[in-house]
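Predicted, not measured: the structure shown is a model, and the values here were computed from it.
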Amino acid sequence: MSGPALDIVITGIQARAVLVPLEHPIRTSVGVVDAAPLVLIDLHTSRPDVVGRAYLFTYTPLALAPTCLLVSQLAGVVAGQPLAPVDLDRRLGARLRLLGRTGLAGMACAGLDMAAWDALAVACEMPLARLLGGTCAPLAAYDSHAMDGEALGVRRAAQACEQGFRAIKTKIGYPTLQEDLRVLRALRRAVGDEVAIMADYNQGLSVPQAAQRLHALRDEGLCWIEEPTLQEDYAGHARLRGPVPVQMGENWFGVEEMHKALSAGACDYAMPDIMKIGGVTAWQRAAALAQAHGVPLSSHIFQEFSAHVLAASPGAHYLERMDLAAPILRQPLGFQDGQAIIGQAPGVGLQWDEAAVSRYRA
C-alpha cells in the first residue's frame with residue numbers, strides 16, 4: 001500500500017446507464033424483464049490507482065435515467081469526503097432525512113456505499129471479503145431460473161446440473177396449481193432427488209390462494225417457497241409458514257423493514273438484496289439481525305458483491321447465481337461445482353469492458 005487508506009478522499013463520481021441483453025428473459029408471474037437496465041458507478045479518489053466500482057439494477061428502463069441522475073447529483077454530497085463508508089452512510093442519511101432513503105434514492109445511496117467499500121478494499125490491497133473479516137472460500141450457490149415453462153425449464157435445469165450446481169430455483173405462479181405441479185415435478189425428474197429445488201411466486205398470490213398452493217406443494221420436497229404473497233404483508237407470510245419453508249427479503253428497503261418482517265415471524269429464511277437493503281454497510285447490520293433471529297441468510301442477485309458480503313456473514317446459506325452484468329464485465333464471477341469462487345483481486349474485482357459498455361449505453 002502506497003499510503004494510508006484513511007488519507008484517501010473521494011474526488012468524484014461517474015454514473016453511466018446501460019441496457020444489457022439477457023440470455024434468458026426473466027419471466028415472472030407479474031411481468032417480464034427482457035434486458036437488464038444497469039447504472040454503472042465509478043467512484044474516483046485522490047489516489048488515481050484507487051477507483052471503487054458498483055452497479056445498480058433498476059428492473060425497468062423507466063427508472064434507468066432517473067437513478068443515474070440521482071447518483072450523479074449525490075456526487076456533491078460525497079465529493080471531498082474521506083473514503084470512510086460508514087461515515088458516508090451517515091452523511092447520506094442526514095442529507096436525505098426529509099426525502100427518505102427508499103425507492104430510487106435508497107438505491108442510489110446503496111450504489112455509492114458499495115463503490116466506497118470497493119475502493120476501500122482496493123486501497124487496502126485485499127478482497128472485500130477479507131476486509132470485512134471473512135475468507136475467500138467457495139460459497140454454495142443455486143442457479144436461478146425464470147418462469148420458463150416445462151420444456152425450457154427442464155433444459156435449463158439439466159444444464160445447471162451439468163455445470164455442477166446442486167441447487168436450482170424456478171419461478172412459478174402459473175394460472176393453475178396443476179401447472180405449478182407439472183413444472184415442478186418435471187424439474188424433479190430431470191435433476192433427481194439430490195438437487196435442491198426452490199420456487200418463487202414473486203408476490204403473485206393472495207394469502208388464501210397461497211395457502212391452498214403451499215398446502216398442495218408440501219410433499220414436493222422444495223427447499224423453500226419465495227414471496228408467495230405481497231412482500232409487505234408480513235402477517236400474511238407468517239400465516240403461510242408451515243407446509244413449506246418461506247423465504248423472503250429481496251424487496252426489503254432497509255434494515256428497518258427486515259426487522260419488522262422478522263419480528264412478525266414472516267419467514268423461515270432471509271434473502272436481502274444488497275442494493276435495496278442499503279449497500280455493504282447496511283448488509284452487515286442485516287446479517288447481524290438475521291443471526292439474532294436465528295434465520296439463515298441468502299443473497300439476491302448482485303452476485304459479485306453478494307459473494308463477498310456473504311463470505312463475512314454468520315449464517316450464510318445460499319448465493320443466488322443470476323448473471324445480470326456479465327456482458328459488460330471483463331471477468332465475471334466464476335462458479336465451479338455449484339459454488340461461487342471469490343477471486344483474490346483487491347476489492348470486488350469489477351472491471352468494465354468499455355467496448356461493451358459503449359455498445360449497450362442507454
Side-chain angles (χ1 to χ4, degrees), residues 1-2 5 8 10-23 35-58 64 67-68 71-72 75 78 83 85 108 110-132 134 136 138-139 141 274-275 279-280 283 299 301-312 319-336 339-362:
M1 202 185 320
S2 61
I8 299 175
I10 298 170
T11 57
I13 302 293
Q14 180 185 24
R16 295 176 286 176
V18 293
L19 194 60
V20 178
L22 295 172
E23 181 181 0
L38 307 179
V39 176
L40 311 185
I41 301 172
D42 292 87
L43 183 147
H44 297 276
T45 74
S46 53
R47 273 182 45 185
D49 60 323
V50 174
V51 178
R53 296 183 176 89
Y55 65 86
L56 302 173
F57 174 53
T58 70
L64 193 50
T67 306
C68 193
V71 173
S72 297
V78 302
L83 183 59
L112 293 174
D113 179 90
M114 293 155 70
W117 275 103
D118 182 50
L120 184 60
V122 169
C124 293
E125 299 180 353
M126 62 177 65
L128 177 60
R130 286 183 52 206
L131 181 67
L132 296 175
C136 294
L139 291 168
I274 192 169
M275 176 184 73
V280 177
W283 177 282
S299 65
I301 60 175
F302 297 101
Q303 58 191 38
E304 301 83 8
F305 267 90
S306 295
H308 285 264
V309 294
L310 267 181
L319 177 97
E320 180 177 33
R321 189 247 193 160
M322 182 181 282
D323 206 344
L324 301 176
I328 48 92
L329 296 179
R330 290 188 196 171
Q331 184 63 51
L333 181 68
F335 292 84
Q336 183 177 345
Q339 296 179 306
I341 307 301
I342 301 175
Q344 296 296 323
V348 173
L350 293 178
Q351 296 289 335
W352 312 130
D353 179 339
E354 290 296 343
V357 170
S358 297
R359 188 159 59 250
Y360 301 129
R361 286 293 292 269

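M114 and A54 get closest at one heavy-atom pair: CB-CB, 3.8 Å. Closest of all the heavy-atom pairs between A141 and A340 is CB-N, 4.3 Å. Between Y55 and W352, the shortest heavy-atom contact is CB-CH2, 4.2 Å. Of all non-hydrogen atoms in A312 and L132, the two that sit nearest each other are CB-CB, 3.6 Å. Closest approach of V71 to A108, counting heavy atoms only: CG2-CB, 3.8 Å. The two residues V280 and L128 make their nearest non-hydrogen contact at CG2-CD2, 4.3 Å.
A distance of 6.0 Å separates CG in L38 from CG in L40, rounded to the nearest 0.5 Å. R47 CZ to I8 CD1: the interatomic distance, rounded to the nearest 0.5 Å, is 4.5 Å. Here CG of L43 is found 10.5 Å from CG of D113. Values are rounded to the nearest 0.5 Å. Annotation: the span from I274 atom CD1 to F302 atom CZ amounts to 8.5 Å, rounded to 0.5 Å. With rounding to the nearest 0.5 Å, the separation of CZ in R321 from CG in L139 is 14.5 Å. Here the CG-CE distance, from L22 to M322, works out to 8.5 Å after rounding to the nearest 0.5 Å.
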Report task. In sequence, state the C-alpha distance, the side-chain angles, and the governing distance for R53 and D42, and then conclude on side chain to side chain contact (heavy atoms under 4.5 Å, CB included). Result -> CA-CA 5 Å; R53 296 183 176 89; D42 292 87; 3.1 Å; yes

Requested in this report: Take L333 and L319 through the test side chain to side chain contact (heavy atoms under 4.5 Å, CB included) and record every step on the way to the result.
Outcome: CA-CA 12 Å; L333 181 68; L319 177 97; 4.3 Å; yes

Query - side chain to side chain contact (heavy atoms under 4.5 Å, CB included) between S299 and W283, intermediate numbers included - result: CA-CA 10 Å; S299 65; W283 177 282; 4.1 Å; yes

Query - Full working for side chain to side chain contact (heavy atoms under 4.5 Å, CB included) between C136 and Q344 - result: CA-CA 7 Å; C136 294; Q344 296 296 323; 3.6 Å; yes

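Evaluation of the side-chain hydrogen bond (donor to acceptor under 3.5 Å, both in side chains) rule for Q303 yields D323 as partners, not counting sequence neighbours. Checked against side chain to side chain contact (heavy atoms under 4.5 Å, CB included), A17 has the following partners two or more places apart in sequence or in another chain: L64, C68, A362.
Enclosure of atom CD in Q331 is not indicated, since only 12 or fewer non-hydrogen atoms of other residues, nucleotides or ligands lie within 6.0 angstrom.
Put simply, the side chain of H308 reaches to within 4.5 Å of the side chain of P127, judged on heavy atoms. Residues L324 and V20 have side chains not in contact (no heavy-atom distance under 4.5 Å, counting atoms from C-beta outward). A heavy-atom distance below 4.5 Å is found between the side chains of I13 and I41.
Each salt bridge (charged side-chain N to carboxylate O under 4.0 Å, His left out) pair with one or both residues in residues 346-358, not counting sequence neighbours, appears once here: R16-E354.
Judged purely by atom type and a 3.5 angstrom limit, D118 has no side-chain atom pairing as donor or acceptor with the backbone of G347. In this structure a side-chain-to-backbone donor-acceptor pair under 3.5 Å is missing from S46 to T11.
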